[in-house]
Amino acid sequence: MAKFLRTKSISGSITDIIAEAEHTIGIITPYPNIHDNFLRRLEEADKRGVEINFVYGKKKNIPQDQFNNLKSYQNIEMRFHKDLHAKCYYNEKKMVIASMNLHQYSEENNREMGVLITLEKDADVYSDAMKEIESITGGADIIKERIEIVPQTEPNTLESPQKGYCIRCAKAIDYDFYHPYCLDCYKSWKKYKNRNYKENHCHSCRQDWKTAMNHKLCYRSFDKNKKNKEIK
Ligand SMILES: [Zn+2]
Ligand SMILES: [Zn+2]
């Protein structure tokens with residue numbers, strides 16, 4: 001069941017939406033300036049590899065330094081829609097539709113109202129809202145596209161390494177270029193199948209490295225495997 005929200009709980013719910021997102025975040029707002037508290041959370045989400053869809057409606061309202069900051073995110077797509085007046089914030093599970101703007105944060109003097117819906121309990125409303133969001137997004141101009149991580153293809157080696165490591169938890173597993181997770185981590189990756197979701201280790205040498213399902217080796221391991229082939 002949808003939940004009614006007042007000012008403070010709107011702020012709290014938007015924070016949760018950004019902080020808990022594992023796959024997608026959507027920010028639909030006419031006024032694109034964002035309070036530091038939300039901005040920090042968004043930056044963390046970007047680093048986790050969460051796709052951020054940001055649609056705004058008033059070009060002049062965005063401070064330049066914040067615009068540059070958002071533009072530097074790897075996983076953000078920014079769009080502009082001149083007729084946008086709706087305000088909506090969502091991730092893959094929850095959505096807040098509310099009067100509050102993101103440059104406000106728990107400001108008690110502002111009397112805001114909103115509703116929180118979840119995909120699990122309000123599936124029809126959630127999906128109707130998503131259709132509207134897709135229509136708004138489709139009609140908006142692209143300002144900045146997502147930077148896709150260049151997918152690694154399997155290095156041409158005569159012999160693959162025998163031992164590998166889970167790119168999420170570093171557990172020792174068999175080396176398998178197409179299955180770089182241990183069973184437990186694979187199960188949790190499979191829920192969203194986000195091939196750009198940021199992981200922590202090189203599949204071949206185990207060192208801390210920003211990897212992902214489609215980019216599972218550090219540069220050194222990738223090069224080493226290639227060179228093995230060339231020498232032979
Ligand atoms: Zn694992
Ligand atoms: Zn490596």
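In this chain, residues are counted from 1 in sequence order. All ligand and atom numbering here is 1-based and tracks the order in the structure.
Heavy-atom neighbours of Arg48 CZ from other residues, nucleotides or ligands within 6.0 Å: above the threshold of 12. For NE2 of His23, the number of neighbouring non-hydrogen atoms (other residues, nucleotides, ligands) closer than 6.0 Å is greater than 12. The environment of Asp124 atom CG is sparse: at most 12 non-hydrogen atoms of other residues, nucleotides or ligands sit within 6.0 angstrom.
Remark: aromatic rings of Tyr105 and Phe38 are close, center separation under 6.0 Å.
Interatomic distance, CD of Gln152 versus CG of Asn214, reported as 8.0 Å (0.5 Å rounding).
The side chain to side chain contact (heavy atoms under 4.5 Å, CB included) test with Pro63 is passed by exactly one of Asn69, Ile34, Asn33: Asn33. The residue from Asn37, Val50, Ile25 that alone fulfils the side chain to side chain contact (heavy atoms under 4.5 Å, CB included) condition with Leu42 is Ile25. With respect to Lys87, the side chain to side chain contact (heavy atoms under 4.5 Å, CB included) criterion is satisfied by exactly one of Val96, Leu102, Ile10, Thr29: Thr29.
Side-chain heavy atoms closer than 4.5 Å link hydrophobic residues (I, L, V, M, F, W, Y) into clusters, and following such links, even through other members, never connects Leu116 to Ile97.
Listed by chain and residue number, the protein N/O/S atoms under 2.8 Å of the Zn ion (ligand 1) are Cys166 SG, Cys169 SG, Cys182 SG, Cys185 SG, with waters left out. Around the Zn ion (ligand 2), the protein atoms of type N, O or S that sit closer than 2.8 Å are Cys202 SG, Cys205 SG, Cys218 SG, Ser221 OG.
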